[in-house]
Amino acid sequence: MNEFLQLYKRLLSAQGQLNWWPATEPFEVAVGAILTQNTSWTGVEAAIANLKAADLMTPAKIADLPIEELARYIRPSGYFNIKAKRLKSLIKFIIGDLDGDVTNLANMPLHHGRKALLAVNGVGPETADSILLYCANLPIFVIDAYTRRLVGRLEIADPTLPYDELRILFESNLPYMPEIFNEFHAQIVIHCKNSCKKQPLCANCPILDMCAYGTRQGVKQ
DNA sequence: TCCCAGGTGTCTC
DNA sequence: GAGACACATGGG
C-alpha cells in the first residue's frame, strides 16, 4: 500500500467516516469556497449565516444585490470587498453558463468545467477544485494549506510543489473516485484542525508513526 | 497586542 | 516566470 492510501486509511480509522463539507446545498458550498479563501471557517460560517438569515442564498438573489450590500453581509469572513466582487463573478458564471445551477458542472467534461471555472475572476485552482469535487461530485483532489502542511510533516511529498503537480500526485496514488477524494480531503482538514497544529506532535496522534517530524523531534506528552 | 488562518490577482523586475 | 504585496476580520 502506498503512503497516500496508508495515510487515508489511518485517518479514516481514527476519525470515522465524515461525509463532509461544512455546508448543505451545492450553491452554499460554492459560496463557501470563495469565502473561505485565506480565512478560517468560523468567519465564513458567520457570513453564510448572515446571507441565509436574509434569505439571500440563491444565485438570483445575490446577483440582484448591490455589491456594497453583499460586502456588508459577508464582512465576518474577511477581505469582504474583494470577496463580494469574486462572488458576483462566480454567480454571473453560474447563471450565464450553468443555467443557474452549479451542479450542471457535472454535465460537462471535467477539464472543460475546470478551465471555465479558472477563467472566472477570483477563482483559482483550490476554489475551482473545491467546487468541482464538493458541488458536482467530480473526481478531482483539492490541495489546500492543510494538505501541504501534512505532506510536509510526513515527508511523503514536497509541500512546495506547484498546485497541479501535488494534486496529480494524490490522484494517481488513490482510487480514482470522487468519494475517496472528498473523504480524504475532509479527513486531512479535520485532522489538521484538531491535532496537526501541535509541534511537536501530541502523543495520541493517529499518524504519529508515519511522521518523520515526530520521530526526529520527539513527542509532546 | 500580536499572530495566524482551507487564496487570488496585480504589479514589478 | 518568480517574488512581493494587497486584501481584513476574528479567535487564541
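Chain A is the first sequence line, chain B the second, and so forth, proteins listed ahead of strands; every chain is numbered from 1.
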For atom [atom1], what is the distance between [N] and [M], given to the nearest Å?
N: C:dT9; M: B:dT10; atom1: C1'; result: 22 Å
N: B:dT8; M: C:dG10; atom1: P; result: 22 Å
N: B:dC11; M: C:dA8; atom1: P; result: 16 Å
N: C:dA4; M: B:dG6; atom1: C1'; result: 22 Å

Establish, with yes or no, whether the OP1 or OP2 oxygen of [N] is under 4.0 angstrom from a side-chain nitrogen or oxygen of [X].
X: A:Arg86; N: C:dC7; answer: no
X: A:Asn38; N: C:dA8; answer: no
X: A:Thr127; N: B:dT8; answer: yes

Self-check item: Within 6.0 angstrom of A:Asp99 CG, more than 12 heavy atoms from elsewhere
Solution: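 Not more than 12 within 6.0 Å, no.
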
Exercise. Using a heavy-atom cut-off of under 4.0 Å over every strand shown, decide if A:Gly124 touches base, sugar-phosphate, or nothing.
Key: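 Sugar-phosphate contact only.
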
Quiz item: Counting any heavy atom closer than 4.0 Å, what does A:Val123 reach on the DNA or RNA strands: base, sugar-phosphate only, or nothing?
Solution: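 Here A:Val123 touches the backbone only, sparing every base.
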
Quiz prompt | Modelled atom types, side-chain donor and acceptor of A:His185 and A:Tyr146, under 3.5 Å | solution =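 Short answer, no.
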
For [X] and [N], give me the distance from atom [atom1] to atom [atom2], rounded to whole Å.
X: A:Arg148; N: B:dA5; atom1: CZ; atom2: P; value: 14 Å
X: A:Leu35; N: C:dG10; atom1: CG; atom2: P; value: 13 Å
X: A:Glu45; N: C:dG11; atom1: CD; atom2: C1'; value: 13 Å
X: A:Ile82; N: C:dT9; atom1: CD1; atom2: P; value: 14 Å
X: A:Phe170; N: B:dG6; atom1: CZ; atom2: P; value: 16 Å
X: A:Lys88; N: B:dT8; atom1: NZ; atom2: P; value: 21 Å
X: A:Asn81; N: C:dC7; atom1: CG; atom2: C1'; value: 9 Å
X: A:Tyr73; N: C:dT9; atom1: OH; atom2: C1'; value: 19 Å

Quiz item: Out of A:Phe4, A:Phe141, A:Trp20, which one pairs with A:Phe184 under the ring pair (Phe, Tyr, Trp, His ring centres under 6.0 Å) rule?
Solution: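 Exactly one pass, corresponding to A:Phe141.
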
For the side chain of [X], counting heavy atoms from C-beta on, which of [options] is nearest?
X: A:Asn121; options: B:dG6, B:dT10, C:dA8; answer: B:dT10
X: A:Tyr146; options: C:dA8, B:dG7, B:dG6; answer: B:dG6
X: A:Val189; options: C:dG10, B:dG7, B:dG6; answer: B:dG6

Quiz item: From A:Asp129 CG over to A:Arg114 CZ, what is the distance, rounded to the nearest 0.5 angstrom?
Solution: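 Reported value, rounded in 0.5 Å steps: 4.0 Å.
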
Quiz item: Under the 3.5 angstrom rule, does the side chain of A:Tyr134 hit a backbone N or O of A:Pro26 as a donor-acceptor pair?
Solution: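 Here the side-chain-to-backbone pair does not exist.
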
